[in-house]
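One structure is given here, and the rest of the page talks about it.
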Amino acid sequence: MLDIKLIKENPQEVIDRLLAKGKDAKQEISEILRLDGERRSLILETDTLKAEQNKVSKQIPVMKKAGEDTMPVMTRMKELADEIKNKDIKLREVDAAFREVMLTLPNLPDKDLAPGGKENNQELRTFGAPHVFAFEPQNHVDLCTNLGLIDYERGTKLSGSGFWIYRGMGARLEWALLNYFIETHLADGYELVMVPHMLGMETGYVSGQFPKFKEDVYWINTEEDERSLFMLPTAETALVSLHMNEILTEKELPRKYVAYTPCFRKEAGSHRADERGMVRGHQFNKVEMVQYTLPEKSDEAFEELVGKAEALVKGLGFHFRTVKLAAEDCSASMARTYDIEIHIPSMNGYKEVSSVSNARDYQARRGAIRFRREATGKPELVHTLNGSGLATSRILPAIVEQNQLKDGSVVVPECLRKYLGGIEVITKDMKNWQ
RNA sequence: GGAGAAAUACCCAAGUGGUGAAGGGGCUCCCCUGCUAAGGGAGUAGGGCGUGAAAGCGUCGCGAGGGUUCAAAUCCCUCUUUCUCCGCCA
């Protein structure tokens, strides 16, 4: 959510900056200003009436004690009560409408971002070079099937398209990745958190996925009276909501969290021919990093998160590039995002394995996540940041494709071997199912 | 899933319709004392919103949301959480 003060003081700046993000918010802004004005005048009116009500209310017992006639006062009080009730109803409506529009506005992009979409993304740095094969490389779907790492057919049998099953060495490799990531984060001082995989509605609003992506998650309860829960689309949703409606102390910032969860997404209509296999499914595994920081420290934290994600990919020995997203390519909640992309030979291109973002105070304002500034004693909004560290389901295809040998076996990245009992190469003989 | 009890500030806790939400502990400051302990005194209800240049003023806050009433911590309804008991269960 954006700061209403900024919108009031400088609506044109807000409109201009949102335009860089591809959002023409002229209409919303004028609607917000109108509703805000209406809201404030209603508050002023009701508060004035309530002040009178309170004042008179205190006199009533005094008058009664003195044996005075309270009838005339009572009549006035009844009027006041009715008037307050009506105005309160109106106020509630206006307030709800105001909030609704506010919630739909995306975050302002940082000023240094290139405007426009993907085509303006800027490559910041690369590491290593694309893998060159002395033979015709296979794609990860064939490799995983032949090696018995992934059971696509039975995944579909169990749950339909967009689901797969990790089996044998595949499951162990995926598990090894999770171990490698989590151990690294622990060494960096992050707290490991295991969160519920089903979340309440509010969490989606705090992280900014709702109202826009309400249709893109899986809902558990759809009946009106039941509290609706949804399957989390990313652990960010849970971790960012962890401290909603809290006032943290300045000392406990920054808070650094990491969580592993499966992520559930409908991904309706987004399947493409070049995204076979495990690149886009309805369920995938991800380790997510989240930080809560002081506002003045969030840039620093952002660089830390980017550095951590890069280090993980480096550790696996991959060629990757780090890309600074143009304003329009950043998601709605985020002020800035860097993607880390690795090369997947069969897709003849780069695929995102980590996306690191700074939401600044956008999510904090939606979730009333604050800290008490020691110097002033006043609460202020924190900054929230998140980054994948990393999405394992995208990494496994990259490993098998980049590390494949001519005979279709796959070399295990060195940093994972200790989790796999020292196995260095995954071969066909290790397949233990048909 | 069923029955009962509870939720008031940092902690404990009083408060069953009416003028500032008691009291205690803790904490902060001050006094006394050569120092410590003890003692004495004062302060300690946050946060949101509105208004204002500011000081301030107003309003809403007793788990949350509704309602009854001129007036609600107090009465009614719904929900959440915690505890006790029962049932079911990996």
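Proteins get letters first, then strands, A, B, ... in listed order; numbering begins at 1 in each. Everything numeric here is computed off the predicted structure, so don't read it as measured data. Below, each value reflects all heavy atoms present in this structure, side chains not excepted, and no hydrogens, waters or symmetry copies.
- Under the 3.5 Å distance criterion, with hydrogens and angles disregarded, a donor-acceptor pair is assigned to the side chains of A:Lys214 and A:Tyr205.
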Name every donor-acceptor pair, under 3.5 Å, that has one atom in a side chain of residues 377-388 of chain A and the other anywhere in the protein, sequence neighbours excluded.
unit_1	atom_1	unit_2	atom_2	d
A:Glu380	OE1	A:Arg373	NH2	3.0
A:Glu380	OE2	A:Arg373	NE	2.8
A:His383	ND1	A:Ser298	OG	2.8
A:Thr384	OG1	A:Gln363	OE1	2.7
A:Asn386	ND2	A:Glu236	OE1	3.4
A:Asn386	ND2	A:Glu288	OE2	2.8
A:Ser388	OG	A:Ser355	N	3.0

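- Between A:Ile247 atom CD1 and B:rC10 atom P there is a gap of 10 Å when expressed in whole angstrom units.
- Protein atom CD of A:Glu52 is 13 Å distant from nucleotide atom P of B:rC60, rounded to whole Å.
- Salt bridge annotation for A:Arg17-A:Glu13: present, with a cationic side-chain nitrogen under 4.0 angstrom from a carboxylate oxygen.
- Residue-to-nucleotide proximity on RNA chain B shows that, of A:Arg372 and A:Ala51, the 5′-proximal contact is made by A:Arg372.
- Every residue meeting the salt bridge (charged side-chain N to carboxylate O under 4.0 Å, His left out) condition with A:Asp361, not counting sequence neighbours, appears here in chain and number order: A:Arg365.
- Here the separation of B:rA64 from B:rC11, taken at their P atoms, is 15 Å to the nearest Å.
- A gap of 33 Å separates the P atoms of B:rC76 and B:rG58, to the nearest Å.
- For the side-chain hydrogen bond (donor to acceptor under 3.5 Å, both in side chains) test, residues two or more places apart in sequence or in another chain that qualify with A:Asp188 are A:Lys308.
- Distances shorter than 4.0 Å separate some side-chain N or O of A:Lys78 from OP1 or OP2 on B:rC70.
- No donor-acceptor contact under 3.5 angstrom links the side chains of A:Tyr292 and A:Glu252, judged on distance only.
- B:rG15 and B:rA9 have their P atoms separated by 16 Å, with the value rounded to a whole Å.
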Go ahead and write out RNA chain B as dot-bracket, 5' to 3': ( ) for pairs within the strand, [ ] for ones crossing earlier pairs, | when the partner sits on another strand, dots for unpaired; Watson-Crick or G-U wobble, both distances under 3.5 Å. ((((((((.[[[..)..(....]]]((((((.......))))))..(((((....)))))..[[[[[..)....]]]]])))))))....
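- Here B:rC60 presents its P atom at 13 Å from CG of A:Leu91, a figure rounded to the nearest Å.
- In this view, A:Glu174 and A:Tyr166, A:Asn285, A:Thr392 satisfy the side-chain hydrogen bond (donor to acceptor under 3.5 Å, both in side chains) rule, not counting sequence neighbours.
- Of the side-chain N and O atoms in A:Asn54, one or more sit less than 4.0 angstrom from OP1 or OP2 of B:rU59.
- Among the protein residues, A:Arg370 comes within range of the sugar-phosphate backbone only, with heavy atoms under 4.0 Å from sugar or phosphate atoms but none that close to a base.
- Nearer the 5' end of RNA chain B, as judged by each residue's closest nucleotide, is the contact made by A:Lys55, out of A:Lys55 and A:Ile89.
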Could you list the donor-acceptor pairs under 3.5 angstrom formed between side-chain atoms of residues 78-91 of chain A and any protein atom two or more places apart in sequence or on another chain?
unit_1	atom_1	unit_2	atom_2	d
A:Glu79	OE1	A:Arg76	NH1	3.1
A:Asn86	ND2	A:Asp82	O	3.4
A:Lys87	NZ	A:Glu45	OE1	2.8

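- Only the P atoms considered, B:rC75 is 43 Å distant from B:rA90, to the nearest whole Å.
- Rounding to whole angstrom units, CD of residue A:Glu93 and P of B:rG66 are separated by 14 Å.
- Screening residues 239-250 of chain A for salt bridge (Lys or Arg N to Asp or Glu O under 4.0 Å), with sequence neighbours left out, gives no hits.
- A salt bridge does not link A:Asp16 with A:Lys21: every distance from a Lys NZ or Arg NE/NH1/NH2 to an Asp or Glu carboxylate oxygen is 4.0 Å or more.
- Between the CG atom of A:Leu381 and the C1' atom of B:rG47 there is a distance of 13 Å, given to the nearest Å.
- Rounded to the nearest Å, the gap between the P atom of B:rC89 and that of B:rG4 is 24 Å.
- Regarding contacts with the backbone of B:rA71, a side-chain N or O of A:Gln53 is found under 4.0 angstrom from either OP1 or OP2.
- Judged by distance alone, the side chain of A:Trp433 and the main-chain N or O of A:Gly148 form a donor-acceptor pair under 3.5 Å.
- Cation-pi geometry between A:Lys266 and A:Tyr218 is met: the NZ or CZ atom falls under 6.0 Å from the ring centre, inside 45° of the normal.
- B:rC77 and B:rU68 are spaced 15 Å apart, taking the P atom of each and rounding to whole Å.
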So which protein N/O to nucleotides 15-18 of chain B N/O distances come out below 3.5 Å?
unit_1	atom_1	unit_2	atom_2	d
B:rG18	O6	A:Lys64	NZ	3.0

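- If you check every strand for non-hydrogen atoms under 4.0 Å, A:Lys85 touches sugar and phosphate atoms only.
- Spacing between B:rU44 and B:rU59 at atom C1', rounded to whole Å, works out to 23 Å.
- Separating the C1' atom of B:rA22 from that of B:rC12 is a span of 14 Å, rounded to the nearest Å.
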All N/O contacts under 3.5 Å from nucleotides 62-65 of chain B to the protein, with atom names and distances to one decimal?
none

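- Protein atom CZ of A:Phe98 is 10 Å distant from nucleotide atom P of B:rC49, rounded to whole Å.
- Side-chain contact, A:Ser241 with A:Thr203: no donor N or O sits under 3.5 Å from an acceptor N or O.
- Counting only residues at least two apart or in different chains, salt bridge (Lys or Arg N to Asp or Glu O under 4.0 Å) contacts with residues 412-434 of chain A comprise A:Glu183-A:Lys418.
- Here the options are A:Glu304, A:Arg255, A:Lys297, A:Glu300, the test is side-chain hydrogen bond (donor to acceptor under 3.5 Å, both in side chains), and the partner is A:Gln291; only A:Glu304 passes.
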Interface polar pairs with nucleotides 50-52 of chain B, N/O, under 3.5 angstrom:
unit_1	atom_1	unit_2	atom_2	d
B:rU51	OP1	A:Arg40	NE	2.7

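- Here the C1' atom of nucleotide B:rA53 and the CD atom of A:Glu9 are 14 Å apart, to the nearest Å.
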Set out, line by line, the N/O atom pairs under 3.5 Å between protein and nucleotides 26-28 of chain B.
none

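- Side-chain contact check for A:Gln209 and A:Thr237: at least one donor-acceptor pair (N or O, by modelled atom type) lies under 3.5 Å.
- Counting only N and O atoms by type, the side chains of A:Thr234 and A:Lys286 include a donor and acceptor under 3.5 Å apart.
- Under the 3.5 Å distance criterion, the side-chain polar atoms of A:His185 are matched with a main-chain donor or acceptor of A:Gly389.
- A:Arg99 has its CZ atom 12 Å from the C1' atom of B:rG48, to the nearest Å.
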